[in-house]
K.L.:
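Take this structure, written in structure tokens, and hold onto it; I'll ask about it next.
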Amino acid sequence: MKKVLVAGGAGFIGSHLCEFLLSKGCHVTCVDNFITGQKKNIAGIKSPNFKFVEADITQSGSWSEGQFEEIYNLASPASPIDFEKIPLKILECSSLGHRNLLELARKNDARILFASTSEVYGDPEVHPQRESYFGNVNTVGIRGCYDEAKRFGEALSMAYHRQFGTKIRLIRIFNTYGPRMRETDGRIIPNFFMQGLNGESLTIYGEGQQTRSFCYVADMCEGMYALVQSEETRPVNIGNPTELTVLEMAETVKKLTGNTKPFAYKPLPENDPKMRRPDIARAKDVLKWQPRVSLEQGLDATLKYFKSQL
Ligand code: NAD
Ligand code: UDP
């Protein structure tokens, strides 16, 4: 039985990944400090092959002495509302924290996936974004703590790969959604569903003409797993290329939730990317991966989840 470590496994994507890896017959150790994760996300996992350790990856502890064949590092706050509240924690996760995990991977000769992000492309001037694009990030802007932490995490991974031959995997995750996003997370999907279901106005930042491309979490887990099983050490975009404006997403969720309130327009946050869509040619070619869940199916499952949380 393959021994796997998931850092950040009590979070939104991490909890789905733990379940996915268990379904593949792995023994899963999940490490999380609950800074943005939730106990309820993993409460339903009853498998004897699942172990939870409450720990902070930026600090060494007994968790960092285990034996693992694969390590998935998803531990990092990821919502723009956290960028203002806990910027130092964010910077520490992908630097000190990721270094601790890279050391563990080096000692175990394990494969290690770093959950990077489309945010490494910043406010992109190339559309859609392919992996060869170096990005357009404002290092001193409000998003800098997250974007630069992830860029550093990629560079740190490459340094381990070049210096020690560590088996790194770099995934650039594009906007992902689904059940178990925190209701108060502040990101577009939980905001719109909670506002919609509570009969409040959906909040549109700016004029809502900025675009995002939304990937359902089950597709994301398959992409992560496929990347770790592959020999690819270059960054790989994983996301769904179906692109929508924020206003289009608002109209869709408004209809789904039966909300009748007019939209509430709010100021656009600083450096909010104007457009984002992954070029997934590399994932298709190397991993034979592409998203399978339609936006309609994904939003339907998400609606059921948020309804159940009311
Ligand atoms: P999330 O906040 O739900 O999950 C992150 C998890 O990491 C949480 O459970 C949190 O408690 C844990 N964590 C944070 N710091 C930790 C630390 N120091 N030690 C131990 N655990 C820690 O967010 P998510 O949306 O599930 O994102 C998961 C990963 O994917 C993150 O690394 C994020 O940057 C990346 N990502 C997500 C998206 C997306 O759209 N969801 C997009 C790009 C990248
Ligand atoms: N957004 C919005 N209203 C909200 C939350 C977000 O209009 O209540 C917009 C936000 O300005 C951004 C997009 O939706 O353009 C996606 O925001 P999110 O925070 O989910 O993630 P991002 O892709 O910006 O990191």
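Note that ligands are numbered from 1 as they come in the structure, with each ligand's atoms numbered from 1 the same way.
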K.L.:
Assess Lys254 against Phe263: is NZ or CZ under 6.0 Å from the centre of the six-membered ring, and within 45 degrees of the ring's axis?
P.N.:
yes
K.L.:
Looking at ligand 2, does Met249 have a heavy atom less than 4.0 Å from it?
P.N.:
no
K.L.:
For Asn175 and ligand 2, does the shortest N/O to N/O distance drop below 3.5 Å?
P.N.:
yes
K.L.:
Hey, can you pull the donor-acceptor pairs under 3.5 Å for the side chains in residues 297-305, sequence neighbours left out?
P.N.:
| unit_1 | atom_1 | unit_2 | atom_2 | d |
| --- | --- | --- | --- | --- |
| Gln297 | OE1 | Ser294 | N | 2.9 |
| Gln297 | OE1 | Ser294 | OG | 3.3 |
| Asp300 | OD2 | Lys304 | NZ | 3.2 |
| Thr302 | OG1 | Gly298 | O | 2.6 |

K.L.:
Donor-acceptor pairs under 3.5 angstrom involving side-chain atoms of residues 55-62: please list them, not counting sequence neighbours.
P.N.:
| unit_1 | atom_1 | unit_2 | atom_2 | d |
| --- | --- | --- | --- | --- |
| Asp56 | OD1 | Thr58 | N | 2.8 |
| Asp56 | OD1 | Thr58 | OG1 | 2.7 |
| Asp56 | OD2 | Thr58 | OG1 | 3.4 |

K.L.:
Counting each atom of ligand 2 from 1 as listed, which ones have a heavy atom of Asn191 under 4.0 Å away?
P.N.:
4 (C), 5 (C), 8 (O)
K.L.:
Give a yes/no verdict on a cation-pi contact between Arg106 and Phe164, requiring under 6.0 Å between NZ or CZ and the six-membered ring centre and an angle within 45° of the axis.
P.N.:
yes
K.L.:
In residues 144-153, what donor-acceptor pairs under 3.5 Å come from side-chain atoms, sequence neighbours left out?
P.N.:
| unit_1 | atom_1 | unit_2 | atom_2 | d |
| --- | --- | --- | --- | --- |
| Lys150 | NZ | Ala115 | O | 2.7 |
| Arg151 | NH1 | Val120 | O | 2.7 |
| Arg151 | NH1 | Phe134 | O | 3.0 |

K.L.:
Under 3.5 Å, is there a donor-acceptor pair between the side chain of Arg111 and the main chain of Gln229?
P.N.:
yes
K.L.:
Could you check whether Arg169 pairs with Glu232 (Lys NZ or Arg NE/NH1/NH2 to Asp/Glu carboxylate O, under 4.0 Å)?
P.N.:
no
K.L.:
May I ask you to check whether Ile188 has an N/O atom sitting below 3.5 Å from an N/O atom of ligand 2?
P.N.:
yes
K.L.:
With the criterion set at N/O pairs under 3.5 Å, what does the list of contacts between the protein and ligand 1 look like, atom names and distances included?
P.N.:
| unit_1 | atom_1 | unit_2 | atom_2 | d |
| --- | --- | --- | --- | --- |
| ligand 1 | 2 (O) | Thr36 | OG1 | 2.6 |
| ligand 1 | 3 (O) | Phe12 | N | 2.8 |
| ligand 1 | 9 (O) | Gly11 | N | 3.0 |
| ligand 1 | 9 (O) | Asp32 | OD1 | 3.2 |
| ligand 1 | 9 (O) | Asp32 | OD2 | 2.6 |
| ligand 1 | 9 (O) | Gly37 | N | 3.3 |
| ligand 1 | 11 (O) | Asp32 | OD1 | 2.6 |
| ligand 1 | 11 (O) | Phe34 | N | 3.4 |
| ligand 1 | 11 (O) | Ile35 | N | 3.0 |
| ligand 1 | 11 (O) | Thr36 | N | 3.1 |
| ligand 1 | 11 (O) | Gly37 | N | 2.9 |
| ligand 1 | 13 (N) | Asn33 | OD1 | 3.4 |
| ligand 1 | 18 (N) | Asp56 | OD1 | 2.8 |
| ligand 1 | 19 (N) | Ile57 | N | 3.0 |
| ligand 1 | 21 (N) | Asn33 | N | 3.3 |
| ligand 1 | 21 (N) | Asn33 | OD1 | 3.2 |
| ligand 1 | 25 (O) | Arg187 | NH1 | 3.1 |
| ligand 1 | 25 (O) | Arg187 | NH2 | 3.0 |
| ligand 1 | 26 (O) | Phe12 | N | 3.4 |
| ligand 1 | 26 (O) | Ile13 | N | 2.8 |
| ligand 1 | 32 (O) | Leu74 | O | 3.0 |
| ligand 1 | 32 (O) | Lys150 | NZ | 2.9 |
| ligand 1 | 34 (O) | Tyr146 | OH | 2.6 |
| ligand 1 | 34 (O) | Lys150 | NZ | 3.0 |
| ligand 1 | 40 (O) | Thr176 | N | 2.8 |
| ligand 1 | 41 (N) | Arg187 | NH1 | 3.0 |

K.L.:
Under 4.0 Å from a heavy atom of Pro80: give me the atoms of ligand 2 that qualify, with their elements.
P.N.:
19 (O), 25 (O)
K.L.:
If you count the atoms of ligand 2 from 1 in the order shown, which ones are under 4.0 Å from a heavy atom of Asp272?
P.N.:
10 (C), 11 (O), 12 (C), 15 (O)
K.L.:
If you take the nearest heavy atom of each of Leu202, Val246, Asn271, which one is closest to atom 13 (C) of ligand 2?
P.N.:
Val246
K.L.:
Short list, please: which atoms of ligand 2 are under 4.0 Å from a heavy atom of Ile204?
P.N.:
7 (O)
K.L.:
Which residue owns the protein heavy atom closest to atom 7 (O) of ligand 2, what's the atom, and how far is it?
P.N.:
Tyr205 N, 2.9 Å
K.L.:
Using a strict cut-off of 4.0 Å, indicate which atoms of ligand 2 neighbour a heavy atom of Glu119.
P.N.:
25 (O)
